[in-house]
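Letters A, B, ... mirror the listed sequences (proteins, then strands); counts begin at 1.
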Number of protein chains: 2
Amino acid sequence: MLTPERHRFILSLLQEQKVATVQELSAATETSESTIRRDLVQLEQEGKLTRFHGGAQWREPSVKSEETTIAQRLSQHEAEKRAIARFAASLVKSGDCLFLDAGTTTFYMIDDLPPGAIVVTNGLTHIERLLERNIKTYLIGGSVKGMTKALIGKGAVESLKNYRFDKCFLGINGVHLEHGLSTPDPEEAFVKQTAANASTEVFVLADHSKLGKTTFSFVCEMEDVTLITNDVNDQQQLDPYKKKTKVEVVTP
Amino acid sequence: MLTPERHRFILSLLQEQKVATVQELSAATETSESTIRRDLVQLEQEGKLTRFHGGAQWREPSVKSEETTIAQRLSQHEAEKRAIARFAASLVKSGDCLFLDAGTTTFYMIDDLPPGAIVVTNGLTHIERLLERNIKTYLIGGSVKGMTKALIGKGAVESLKNYRFDKCFLGINGVHLEHGLSTPDPEEAFVKQTAANASTEVFVLADHSKLGKTTFSFVCEMEDVTLITNDVNDQQQLDPYKKKTKVEVVTP
DNA sequence: TCACATTCGATTAAAAATGATCAATTGAAT
DNA sequence: ATTCAATTGATCATTTTTAATCGAATGTGA
């Protein structure tokens with residue numbers, strides 16, 4: 001049995017039954033235990049499995065490919081997000097210094113930004129598109145969050161201290177009348193906070209599915225920001241938000 | 001059987017059964033194993049397949065723009081760079097905190113890094129692969145340099161001040177006996193300097209084509225670093241470098 | 001804690017595959 | 001016709017892979 005075949009075999013067996021012993025694999029592939037051990041060492045190096053005394057166990061690939069994760073999220077409320085993004089981008093003037101949060105809605109903004117805007121972002125997925133549009137781009141530092149490709153942590157916050165913004169565009173997971181704005185990851189919340197504090201104006205982009213939701217980490221009060229959301233069937237639903245702060249309603 | 005026919009045949013067979021041995025291909029095409037090996041080397045260079053000891057395996061054509069641009073640059077001195085990278089990675093122990101410079105040679109290191117290493121980098125192109133390998137990754141901030149996807153400028157240098165490294169791996173464009181190490185972009189040079197200063201050990205990865213060259217921006221003296229380079233035909237060529245500093249010579 | 005059985009990793013030797021080299025062949029250009 | 005470069009196949013030293021062995025390390029149960 002050839003080396004790559006063996007590797008594939010080992011991985012597929014592990015994927016199926018989560019664990020396998022060296023003996024088991026040795027017998028199934030008709031090779032020596034030495035060979036299996038070498039294979040396991042190699043595959044562990046590659047991060048494909050975790051070894052333990054006697055065998056190995058399946059390891060979930062930590063990051064799904066960028067495209068699939070984004071593609072999946074894009075499908076949800078895509079039209080609303082695009083409309084919100086387009087409106088948000090229309091607020092930007094050439095020469096403005098912006099903070100552009102990681103996330104799909106802010107990602108859509110890039111296409112409609114005026115040339116000459118200067119962008120600071122914590123979203124790795126934004127970079128490619130920003131460069132294609134020849135927009136001067138700065139990235140903050142920090143630890144790379146696998147799932148969303150956002151930069152978080154101390155490094156991110158420290159980096160942000162070097163910038164001041166005219167406008168700050170944040171994505172958000174929860175918008176609640178009493179609990180304010182919130183997001184699931186505390187580290188990410190802290191980054192949003194810091195960016196908001198460094199900005200003259202703060203805009204929060206949230207489609208209607210986020211309204212009334214609360215998640216774990218508090219970011220800031222609704223009074224501190226302008227909320228940009230989309231048209232909902234029941235118009236009166238938005239009234240209490242309008243009493244709290246400035247709300248821009250976009251029709252997709 | 002003519003060369004292009006053979007290549008087509010090899011690829012179609014691989015597409016069908018994913019793997020094939022040299023023997024198998026040699027028999028099927030009625031050519032010598034030498035010829036098949038030459039074919040496989042060529043096709044691997046073109047990124048059409050992956051070779052392994054005993055044969056080759058099918059490689060899915062990747063459509064990502066990022067990889068193609070890298071793939072193009074890979075063609076130059078690829079074997080040397082890979083060998084240098086592999087050696088450099090072998091110096092890393094699990095738990096080490098590293099700075100990994102942007103660039104193709106350092107990119108190759110990622111595959112061979114031990115799991116458990118902690119990486120700080122200024123290379124955006126490295127991120128994807130690092131995450132695939134489940135390596136804890138920090139990105140420094142800064143302005144994004146379009147061409148090389150490296151982070152540079154004040155933000156980058158400021159970010160670096162938050163880190164200390166066990167080992168620092170730098171790519172470099174010029175290695176000169178008198179002029180020391182140099183790179184074309186002053187901003188990039190400053191980032192390399194800062195990273196080197198924050199590290200206990202500094203390694204410079206440079207294939208033989210960089211030796212004797214000088215470019216615009218000085219980075220540091222050769223005495224301050226360990227040079228990792230590849231075997232050259234004229235061994236004595238390396239002697240003066242060895243007198244200056246520690247040199248590791250790698251055979252591709 | 002100790003003894004016992006298993007498993008591990010380093011080492012070794014043999015087999016297989018590789019890359020480098022060289023001579024022979026082919027085909028094109030002069 | 002002759003030269004030259006490119007392709008090929010054969011040869012051989014070197015490298016890689018493999019399986020077997022054995023002391024050390026690890027887990028298990030009393």
Q. Where the side chain of B/T31 is defined as all heavy atoms beyond and including C-beta, which of D/dG27, C/dT18, D/dG9 is the nearest nucleotide?
A. D/dG9
Q) B/R51 has an atom CZ; how far is it from atom C1' of C/dT18, in whole Å? A) 8 Å
Q: Looking only at side-chain atoms of B/R37, point me to the closest of D/dT8, D/dT17, C/dG19.
A: C/dG19
Q.
What I want to check is whether the side chains of A/T183 and A/K192 have a donor and an acceptor closer together than 3.5 Å.
A. no
Q: Take the protein atom CG of A/D39 and the nucleotide atom P of D/dT18, then report the distance between them rounded to whole Å.
A: 7 Å
**Q.** Test: A/R59 and A/E44 ion pair at under 4.0 Å
**A.** no
Q. Tell me: NE2 of A/H7 to P of D/dT17, nearest whole Å?
A. 10 Å
Q. Taking CD from B/E44 and C1' from C/dG19, how many angstroms apart are they, rounded to a whole number?
A. 14 Å
Q) Do B/T215 and B/S182 get their side chains close enough for a donor-acceptor pair, meaning under 3.5 Å? A) yes
Q) Between A/K161 and A/E158, is the closest basic N to carboxylate O distance under 4.0 Å? A) yes
(Q) Let's see if you can work this out: which of C/dA17, C/dC8, D/dA10 has an atom nearest to the side-chain heavy atoms of B/S34? (A) D/dA10
Q.
Whole angstroms only, please: what is the CD-P distance between A/E33 and D/dT18?
A. 15 Å
**Q.** Under 4.0 angstrom between B/T21 side-chain N/O and C/dA16 OP1 or OP2
**A.** no
Q: Would you kindly check whether a donor in the side chain of A/S32 faces an acceptor in the base of D/dA20, or vice versa, at under 3.5 angstrom?
A: no
Q: Would you classify B/Q23 as touching base, sugar-phosphate or nothing, given that sugar-phosphate means primed atoms plus P, OP1 and OP2, and contacts are heavy atoms under 4.0 Å?
A: sugar-phosphate
(Q) Take a 6.0 Å sphere around NZ of B/K243 and say whether it holds more than 12 heavy atoms from other residues, nucleotides or ligands. (A) no
Q) Rounded to the nearest Å, what distance is computed from the CG atom of residue A/L25 to the C1' atom of nucleotide C/dT7? A) 14 Å
(Q) Starting the side chain at C-beta, find the nucleotide from C/dT6, C/dT18, D/dG9 nearest to B/H53. (A) C/dT18
**Q.** Pairwise 5' ranking along DNA chain C for A/R38 and A/F52, keeping only the more 5' one
**A.** A/F52
Q | Interatomic distance, B/Q42 CD vs D/dT8 C1' [rounded to whole Å] | A | 14 Å
**Q.** Nearest-Å distance for atom pair CG/P, residues B/L40 and C/dA17
**A.** 13 Å
Q. What nucleic acid atoms does A/V22 come within less than 4.0 Å of, heavy atoms only: base, sugar-phosphate, or nothing?
A. sugar-phosphate
